[in-house]
Protein chains: 2
Amino acid sequence: MSTLELPYDVYQDRCPTRLVLDRLADKWALLILDRLKDGPVRFNSLKRDIMRITPKVLSETLRKLERDGLIARAVFATVPVTVEYSLTPLGDTLTDTVSALAHWAERNMDAVLAAQAAYDAASEVAARPTPGLHRLR
Amino acid sequence: MSTLELPYDVYQDRCPTRLVLDRLADKWALLILDRLKDGPVRFNSLKRDIMRITPKVLSETLRKLERDGLIARAVFATVPVTVEYSLTPLGDTLTDTVSALAHWAERNMDAVLAAQAAYDAASEVAARPTPGLHRLR
DNA sequence: TAAGCTGGTTACCTGGAAGAAACTGCCACT
DNA sequence: AGTGGCAGTTTCTTCCAGGTAACCAGCTTA
């Protein structure tokens, strides 16, 4: 497999689908898209709602999503300037599948947590060096 | 909705749904789940198919997915030991939505790339400091 | 006049993930 | 006796997303 490689393959890193997938693989982006699916939201409203997000990361993520054409940024010349972020038609089609993912998470959360607990319990037993000894640290 | 906030909110970081979402926000994990949806695959087969993945990252990601109960690891005592990774029933329900995401990416890839190009062109013009000057660096 | 709202930007720093490369042990083939 | 496939592990290093904190301008309210 060394000398001759075919240049175009789905699992190659040149595939643009992989680029799109990479963008979705972002914990904040998914959260923002989900928050926007009920209508336009302002910057500081997003900042307050999505807890623990910093303004820097929020503005960076918003700009990435805007660059991808998934959300739109609208500036209103109100008393203090108002900026609203909303889903584009393209972004709207995406949130259908994103919320499908979120619903999967809600439904199967318990199963995942149970699996994690079982896995951790099993590996803890396996890692025990000499049973019967007090474990230091 | 301002003064009194309920202690349990979906967007709080204590929400386990967010933990599940974080796991899915992994470029390699999504790729692996997608690769496994047609049947069990061996370690080195995955390594060859998903190009540019290192054995270290592959084994780490597989272990995370196994811990979450999404994939199963089966060891066969063949001549050189064979290890097969396959989707659990839980993982199988997930790949339905994951492939929905992948299909969205395939369908809308062009729109996203076009949006990126438009955005970049617009911001390049906006960033031009004094038109007519040579840009140093 | 000082704090607080609006929507961000900037500079600095760090932790942890990802990558590179070497190595393990066992066996089969040549 | 050497090479290669199997399924990883270990070590080292690098890199950058994300976090911290301060700051900007303009307006309002106390």
Side-chain angles (χ1 to χ4, degrees), chain A residues 1-3 11-13 18-19 21-32 35-36 40-68 71-86 123 126-127, chain B residues 1-3 11 13 18-19 21-32 35-36 40-68 71-86 123 126-127 129:
Chain A
M1 65 160 183
S2 53
T3 50
Y11 286 94
Q12 292 259 357
D13 52 356
R18 197 143 150 177
L19 299 177
L21 221 57
D22 279 6
R23 177 56 27 85
L24 300 178
D26 182 326
K27 65 171 176 174
W28 297 118
L30 290 177
L31 242 41
I32 291 172
R35 184 68 187 75
L36 254 50
V41 185
R42 282 177 296 105
F43 184 88
N44 278 333
S45 179
L46 279 171
K47 200 184 72 155
R48 274 191 300 268
D49 291 349
I50 302 174
M51 309 202 75
R52 312 264 170 160
I53 195 172
T54 61
K56 182 194 150 215
V57 172
L58 178 56
S59 110
E60 283 171 356
T61 310
L62 286 171
R63 214 170 297 121
K64 283 180 202 165
L65 291 171
E66 190 194 355
R67 177 170 181 265
D68 290 349
I71 64 173
R73 183 177 185 271
V75 183
F76 299 98
T78 49
V79 187
V81 63
T82 303
V83 181
E84 265 186 8
Y85 293 94
S86 58
S123 58
Chain B
M1 65 169 176
S2 53
T3 51
Y11 288 94
D13 53 354
R18 199 143 149 179
L19 298 176
L21 220 57
D22 280 5
R23 178 55 29 84
L24 300 179
D26 182 327
K27 66 171 178 176
W28 298 119
L30 290 177
L31 241 43
I32 291 172
R35 184 66 187 74
L36 253 51
V41 185
R42 282 177 296 104
F43 184 89
N44 277 335
S45 180
L46 278 171
K47 199 185 71 154
R48 273 190 301 267
D49 291 349
I50 303 174
M51 307 201 76
R52 311 265 170 160
I53 195 171
T54 61
K56 181 192 147 214
V57 172
L58 178 56
S59 107
E60 282 171 355
T61 310
L62 286 171
R63 215 169 297 121
K64 285 180 201 165
L65 291 172
E66 191 195 355
R67 178 170 179 263
D68 290 350
I71 64 173
R73 183 176 183 272
V75 183
F76 299 98
T78 49
V79 187
V81 64
T82 304
V83 180
E84 265 185 8
Y85 293 93
S86 58
S123 58

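Within every chain, numbering begins at 1; the chains are lettered A, B, ... in the order of the sequence lines, protein sequences first and strands thereafter. Keep in mind the model is a prediction, meaning the values are calculated, not measured.
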| Rounded distance [0.5 Å steps], CG in B:L36 versus CG in B:L31 | 11.5 Å
| With side chains defined as the heavy atoms from C-beta onward, is the minimum distance between A:I53 and A:L46 less than 4.5 Å? | no
| Base, sugar-phosphate alone, or nothing: which one does A:K47 contact when heavy atoms must sit under 4.0 Å apart? | nothing
| said: Return the CG to CD distance between A:D68 and A:E66, rounded to the nearest 0.5 Å. | reply: 10.0 Å
| note | Here the gap from B:R35 atom CZ to B:W28 atom CH2, rounded to the nearest 0.5 Å, amounts to 14.0 Å
| task | Could you tell me whether B:T82 contacts a base, only the sugar-phosphate backbone, or nothing, with contacts defined as non-hydrogen atoms closer than 4.0 Å? | result | sugar-phosphate
| Stretch residues 57-67 of chain B: residues that reach within less than 4.0 Å of DNA chain D through a heavy atom | B:S59, B:R63
| request: Answer whether the closest heavy-atom distance between the side chains of A:I32 and A:Y85 falls below 4.5 Å. | output: no
| query | Taking side chain as C-beta onward, heavy atoms only, is B:R67 less than 4.5 Å from B:R63? | reply | no
| task | Return the 5'-most residue of the pair B:N44, B:K56 with respect to DNA chain D, ranking by each residue's nearest nucleotide. | result | B:N44
| Boundaries of the DNA chain D segment in contact with chain B, non-hydrogen, under 4.0 Å | D:dC6 to D:dT11
| Which nucleotide span of DNA chain C, 5' end to 3' end, has atoms closer than 4.0 Å to non-hydrogen atoms of chain A? | C:dT6 to C:dA11
| field | Integer angstrom distance from the P of D:dA22 to that of C:dA3 | value | 15 Å
| query | Across the strands shown, which category fits B:F76 at heavy-atom distances under 4.0 angstrom: base, sugar-phosphate, nothing? | reply | nothing
| message | Any heavy-atom pair between the side chains of A:R73 and A:L62 that's under 4.5 Å? | response | no
